[in-house]
Amino acid sequence: MDSKQTGRKRTGLVVALALCCLLAVGGVFAWFSAQDSKTNTFVQGNGVTEPEKKPDPNNPQQGGEKPNEALDKWLIETNWKDNSAIAADSIVAKNPNVGIGKNSKDAYVFLEVENNLGDGSYFVLGDNWAPVGGKVDKFNGATFPEGKTDRCYKGGLFVYVGDSKGADEGAMAMLVHNAGNDVYTGEAFDKIYTTKDYSFTSNTINVKAYLAAASADEDMTTQTVKDEIIAKAKDWAQNN
């Protein structure tokens, strides 16, 4: 066999081996992978405990002497009387106040007011509360009480701001627990007012509370967290 033939055979053998390698790579390919998983354990409960005492009549931001019945839980109205009569140009006592127990976690507090009483009914928002933008129904026809007409609302979503009086939702403040006593936001409002041309539509006004607390030891005061909580409260008010 001459050298040319030998060379051709060797070349053909190299090409054939190369083709076999390509076929092997394309048809039988092995690889390694890494995987990980984590199982998180939760405990039942939200850490926001109910107050044991109703608000002190003389200081509605702290617990008083009367026990908080189980039906009241966090949202309490000490002055409300069932089946109160309402008519044009009248005032009816209604004072929603939200509290947490002495062993509770600190919490942000929201209140939704759904007023079905009819046109001409409104309330004056307390100084410790602020409207949540885009989620309130401002009442512009109020002439009473003097000096408070800019704080009059028919309903909507409101957030506790503590001592930041006259602020907007950006000043939302945590209701800080007191290890020695129950604490309350203070009354969101204390009366329902009607105008002289009030027209009765329905006999209900619904008030609902939403409290948000940390599930573990974490910073709840960052703007990112506050924005998330406000967004969640808006969703709650929209769908609850």
Side-chain angles (χ1 to χ4, degrees), residues 36-51 55 60-63 68 72-77 96-115 123-139 150-179 181-189 205-240:
D36 191 13
S37 65
K38 186 183 295 292
T39 299
N40 299 116
T41 302
F42 292 82
V43 295
Q44 186 176 9
N46 57 22
V48 183
T49 62
E50 302 167 17
Q61 290 180 266
Q62 70 176 29
N68 172 30
D72 277 324
K73 295 191 176 182
W74 297 277
L75 178 58
I76 296 173
E77 298 181 340
N97 197 341
V98 183
I100 57 176
K102 58 186 179 182
N103 297 317
S104 176
K105 288 191 174 184
D106 303 340
Y108 291 110
V109 183
F110 295 81
L111 203 69
E112 184 192 16
V113 182
E114 183 182 317
N115 183 358
F123 57 87
V124 178
L125 189 66
D127 290 338
N128 290 353
W129 295 82
V132 175
K135 290 292 181 179
V136 294
D137 188 359
K138 190 78 184 288
F139 190 80
D150 63 327
R151 300 279 291 173
C152 292
Y153 294 87
K154 181 178 180 181
L157 181 64
F158 306 91
V159 62
Y160 173 69
V161 295
D163 294 332
S164 301
K165 293 177 172 58
D168 59 18
E169 65 185 55
M172 60 187 287
M174 298 195 83
L175 181 60
V176 180
H177 81 285
N178 178 348
N181 197 1
D182 304 322
V183 292
Y184 287 86
T185 58
E187 295 165 350
F189 53 92
I205 179 168
N206 301 324
V207 181
K208 295 174 281 188
Y210 179 87
L211 298 91
S215 61
D217 292 332
E218 56 189 72
D219 187 0
M220 294 281 284
T221 63
T222 67
Q223 193 58 50
T224 299
V225 171
K226 288 182 177 181
D227 290 344
E228 287 178 348
I229 292 173
I230 289 176
K232 186 65 177 176
K234 287 181 177 180
D235 179 72
W236 164 80
Q238 181 73 31
N239 298 293
N240 188 38

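All figures in this text were calculated on a predicted structure; none of them were measured in a lab. Numbering starts at 1 and runs along the sequence shown.
Counting only heavy atoms from C-beta outward, the side chains of Leu157 and Trp236 approach each other to under 4.5 Å. Proximity of Lys208 to Glu114: side-chain heavy atoms (C-beta onward) are separated by under 4.5 Å at one or more points. Looking only at side-chain heavy atoms (C-beta outward), Asn128 and Gln61 come within less than 4.5 Å of each other. In this structure, the side chains of Ile229 and Phe110 come closer than 4.5 Å at one or more pairs of heavy atoms.
Classified by interplanar angle (parallel below 30°, tilted 30° to 60°, perpendicular above 60°), the ring pair Phe123/Phe189 is parallel.
Between Trp129 and Phe158, the ring centre distance reaches or exceeds 6.0 Å.
Checking side-chain atoms of Asn97 against main-chain N and O of Pro60 turns up a donor-acceptor pair under 3.5 Å. Distance alone, capped at 3.5 Å, is enough to place a donor-acceptor pair between the Trp74 side chain and the Val48 backbone. Between the side chain of Lys154 and the backbone N or O of Val113, no donor-acceptor pair lies under 3.5 Å. With hydrogens and angles disregarded, a donor-acceptor distance shorter than 3.5 Å links the side chain of Asn239 to the backbone of Asp235. When atom types are taken as modelled, the side chain of Glu169 and the backbone of Gly133 share a donor-acceptor pair closer than 3.5 angstrom. Looking only at distances, no side-chain donor or acceptor of Asn181 sits under 3.5 Å from a matching main-chain atom of Lys102. Under a 3.5 Å cut-off, the side chain of Asp106 and the backbone N or O of His177 do form a donor-acceptor pair. Here the side chain of Lys234 pairs no donor or acceptor atom with the backbone of Lys135 at under 3.5 angstrom.
Residue Lys165 qualifies as enclosed at atom NZ: its count of foreign heavy atoms under 6.0 Å is above 12. More than 12 non-hydrogen atoms from other residues, nucleotides or ligands lie less than 6.0 angstrom from CG of Asn240.
The structure places NZ of Lys226 at 4.5 Å from OH of Tyr108, a figure rounded to the nearest 0.5 Å. Of the inter-residue distances, the one linking Asp182 atom CG with Thr49 atom OG1 reads 7.5 Å to the nearest 0.5 angstrom. Of the inter-residue distances, the one linking Asn115 atom CG with Glu112 atom CD reads 11.5 Å to the nearest 0.5 angstrom.
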**Message:** Could you walk me through whether Met172 and Ile230 satisfy the side-chain contact (heavy atoms from CB on, under 4.5 Å) test, starting with their C-alpha distance in whole Å, then the side-chain angles of each, then the deciding distance to 0.1 Å, before giving a yes or no?
**Reply:** CA-CA 9 Å; Met172 60 187 287; Ile230 289 176; 3.5 Å; yes
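Across Val183, Val207, Val109, Ile76, a single residue satisfies side chain to side chain contact (heavy atoms under 4.5 Å, CB included) together with Val98, and that is Val109.
Contact record, Ala107 with Ala213: CB-CB, 4.2 Å, taken as the closest heavy-atom pair. Nearest heavy atom pair, residue Met174 against residue Tyr160, reads O-CE2, 4.0 Å. Of all the heavy atoms in Ala167 and Ala130, the pair that sits closest is O-CB, 3.2 Å. Looking at every heavy atom in both residues, Val176 comes nearest to Ile100 through C-CD1, 4.3 Å.
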